[in-house]
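Take a look at the structure below.
Computed from a predicted model, the values in this text were never measured in an experiment. Per chain, numbering begins at 1; letters A, B, ... match sequence-line order.
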Amino acid sequence: MKSNYDYSEIEKKWQKVWIEQKIFEVNEENSKPKFYCLEMFPYPSGKIHMGHVRNYAIGDVIARYKKMKGFQVLHPMGWDAFGLPAENAAIKHGVHPAKWTYENIDYMKKQLIRLGLSYDWRREVTTCAPEYYRWNQWIFLKLYEKGLAYRKSSFVNWCPSCATVLANEQVIDGACWRCESQVEQKELEQWFLKITAYAEELLQDCDKLTGWPEKVLTMQRNWIGKSEGVEVDFPIEGMKESLRIFTTRPDTIFGVTFMCISPEHPLAEKLCDDKSALKKIRLLQREPEVKEGVFTGKYAINPLNGEKVPIWIANFVLMEYGTGAIMSVPAHDQRDFEFAVRYGIPIKVVIKPENEELPDPLKEAYENEGVMVNSGNFSGMSSKEGKKAVADYIEEKGLGKKTVNYRLRDWGISRQRYWGTPIPIIYCDQCGIVPVPEEDLPVILPENVSLTGKGESPLKYVQEFYKTKCPSCGGDARRETDTMDTFVDSSWYFIRYCSLHDESAFHKDKIKYWMPVDQYIGGIEHAVLHLLYARFFTKVLRDLWIVPFDEPFQRLLTQGMVCMESYRCPEHDWLFPKEIKDGKCIHCGKDVQIGRVEKMSKSKKNIVDPDEMIETYGADTVRVFSLFAAPPEKDLEWSSQGVEGAHRFLKRVYSLIYKHHSWLKETEGELSHPEPSSLSILSLIHRTIKRVTFDIEKEYQFNTAIARLMEFVNEVYHFEPKTEEERKVFKFALKNFLILLSPFAPHIAEELWHEIGEKGFILNEPWPQYDEELAREQMIELVVQINGKVRSKIMIPQGLSDEEITKIALNNEKVKQWIDEKEILKVIPVKGKLVNIVVK
RNA sequence: GCGAGAGUGGCGGAAUGGCAGACGCGCUGGACUUAGAAUCCAGUGGGGUCAAACCCGUGAGGGUUCAAAUCCCUCCUCUCGCACCA
């Protein structure tokens, strides 16, 4: 055995052996419980970053732990390989997207192997491979058959920089989620998936997702945005059309003093004579600060009280939501209130708070519940009852109907780019839209294209691709040249992992065995993108009888970001950590300003390269640090000194074994009746097993689990077994310690496992059991409090009764001094370890 | 504005209502060394003391309790998400 911890040699050696011996390969085993552990697959952008390292280290600990716990663990990895960066790289450097992508995959796969991650690589999924995306096309055809995929022309979100369309979920604060360019509106024909057909179920089933963070569920519920209300028709004076509005507050309908419609409303042109004013309002549509409007000159009739109210066109009314028209109740809606004040429109109170008077004039809208007033027959009713009563009345009289509205929009999936799945549709002048027959799949993405990034699909110019025959009439026809949003790829990849490559993507028995995913791990940034789409696809596939469950991911862990301090030079702007020496910029010697701790990003240069870390400290160190520095769901602050600390710990582990390795190899770690001299070691390891197991089971608290392992090492570091008995016990302890360490630092654990003379792979060992009796400390410190303050600590044997500890406490000299002449009111013993004496 | 979460040493972070600060980093001192690095040992919330005793301390203020970082109320700060959704 080498005297120094040669992590590089150890890690290379075992990575090779593990793969040769196929120890990460797994198949269905009906006699064993399964566990599907999944981490979000990466986009192959070139190299992995620390965020990936953290994500996959967390997943690997869980997978290895569950395996040792006796589960059949599916732990796969793949590549979200279609996407814009490949295409942009192609435009910039002239490399074909496929070449660029596959080379990146090669490199990144090596990196993942170097981290010692326990993936079954036979199941590797690459979404840009025809054998994968053919199933995207297949699913698309099924959606089309069911009327869940349709084509329509509409205004879409257009990112001028990516030169393609974005789904609503992909627009963040009016900017592109990928490149942050300002998103424009553009009218285009495109394909939509009818996710709205599942809106209610997607919402309802949030309640089933008990293993998801509440935060993510809130975001999804919010995104779906259900609201219940009524649609009411307001006749327009002097016209045969009426104005249909949506409201969630029918109880305020007697307080309507004006109507507002969106400038895009179909009646806007007709109602408004002042076209230039209309134009102006349109321009102000995305200005949330100002409420602007123009009076159309027309009036609507309130169907409940016959009042005549003016119709305005207003910039704040959205055409996309509800009916694009609203009834305005300034007394009870803040937006309407502001608008009314600005244009001098009357404000009529129809809801009064229970026990107070509203100021007159109102200073702001009163939006809470109360009692209805000035509301005809409904006056006197509580607003809560009124909501229902007015809605019922409206339905009864045929004035409108109760309606449920969702904010969720259908998912636009057409992308005007090359590097994606071709949409399997053919346009025929005779037959119209014709789906590609199933047996003709896959529609292969051609390789010889010239990429421009100009906003039109490059496939439009590839004759061999788009020129085709109509499957229906055999005449000349054109293929659809748009490709699919890459979120389609990731909406079902977890199902593809269940079967091997030479098998169908939808192998029923295998899906039934492995799915759903028991633990999914990834970043919170996908809370409403990928995670919503994947849920939607799962429900569609269920309705196609392909999968037998409603939800794909049982438990979800959203890991925190990896952050680091950023540094800035007054002259050279952001600096890499290595561009700083003694607080000065190495280029100009100026003082470096330390920026705040924030997410590692290339632009701020506050990044560390996983390769360099592995090179300097080894994969085990990188894993241990990223698991130890913070609990998984919290942000992690990268610290180079912290990494050294993790490395130091592993070095101590190594030298601990090294010190004893000569006799450890020859000793069996069996236990008879341990002598008192070795009882404390035995107790320590049982306690360590208990705590580490508990920390992993309870919300994956790897940081404290590792702390327990460190404590163990600190305590036994100088232990010298003297007798044969002590050696046996010590060996037993070290052997179990290595098993506990192995999910976190698998290479060093494996190496030392063999150095102490154990056989087989540590991953195949069962997770150790602990003995509750032995795990208890033999001697404990009895804490004595007087009036709640700690006054004395007495060493006592473990397991004494409350009566016994009370007696010990009261007889303690120090305690006696404190009690003195005072009267003892009460003595509270706690679980044999603490006594609180209340005196006066 | 609405919703969620979080405020604990110099720092990252621990604490089923029961000893606040586990573990790690940093720092201080010591050992080893010609010297340094590495390693090992000890100390390390603040005040106080030769040392102790003791006092104070988990964003602020109140409350419940024998006992509160933890439960309840009020407020402050920060982070994240949503935001004219009628």
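Closest to the A/Ala707 side chain, of the nucleotides B/rC23, B/rA4, B/rA86, is B/rC23. You'll find that the side chain of A/Lys651 is closest to B/rA38, out of B/rG12, B/rC19, B/rA38.
The phosphate of B/rC23 has neither OP1 nor OP2 within less than 4.0 Å of any side-chain N or O from A/Asn703. A sub-4.0 Å separation between OP1 or OP2 of B/rC66 and a side-chain N or O of A/Lys826 is present. A close approach under 4.0 Å does occur between a side-chain nitrogen or oxygen of A/Arg648 and OP1 or OP2 of B/rG26. For the pair A/His718 and B/rC41, the criterion of a side-chain N or O lying under 4.0 Å from OP1 or OP2 is met.
Inspection of the A/Arg535 and A/Gln220 side chains reveals an N or O donor paired with an N or O acceptor under 3.5 Å. With no hydrogens or angles considered, no side-chain donor-acceptor pair links A/Tyr770 and A/Thr688 at under 3.5 Å.
Residues satisfying the side chain to side chain donor-acceptor pair (under 3.5 Å) criterion with A/Glu565, sequence neighbours excluded, are A/Tyr567. Shown here are the side chain to side chain donor-acceptor pair (under 3.5 Å) partners of A/Trp223, two or more places apart in sequence or in another chain: A/Glu169.
Projected onto RNA chain B by closest heavy-atom contact, A/Arg708 and A/Val317 fall at different nucleotides, the more 5' of which corresponds to A/Arg708. Summary of the strand contacts: A/Gly788 and A/Glu781 both lie near RNA chain B, and taking for each the nucleotide with the nearest heavy atom, the more 5' one is attributed to A/Glu781.
The residue A/Gln785 sits close to a base: some heavy atom pair falls under 4.0 Å.
The partner of B/rG3, taking Watson-Crick or G-U wobble pairs whose two distances both stay under 3.5 Å, is B/rC80. Shown here, B/rU33 forms no base pair; nothing in the strands shown gives a Watson-Crick or G-U wobble contact with both key distances under 3.5 Å. Base pairing of B/rG45 is made with B/rC56, judged by Watson-Crick or G-U wobble geometry with both donor-acceptor distances under 3.5 Å.
One can place CZ of A/Phe702 at 17 Å from P of B/rG13, the figure rounded to the nearest angstrom.
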What pairs of nitrogen or oxygen atoms, one from the protein and one from nucleotides 55-59 of chain B, lie under 3.5 Å apart?
| unit_1 | atom_1 | unit_2 | atom_2 | d |
| --- | --- | --- | --- | --- |
| B/rC55 | OP1 | A/Arg791 | NH2 | 3.2 |
| B/rC55 | OP2 | A/Arg791 | NH1 | 3.2 |
| B/rC56 | OP2 | A/Lys789 | NZ | 3.0 |

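In this structure, A/Phe712 and A/Phe737 have parallel ring planes: the angle between them is below the 30° cut-off, well short of the 60° mark.
Between A/Val230 and A/Ala391, the shortest heavy-atom distance links the atoms CG1-CB, 3.7 Å.
Annotation: the span from A/Thr323 atom OG1 to A/Leu243 atom CG amounts to 7.0 Å, rounded to 0.5 Å.
Because its glycosidic torsion is more than 90° from 0, B/rG5 is reported here as anti.
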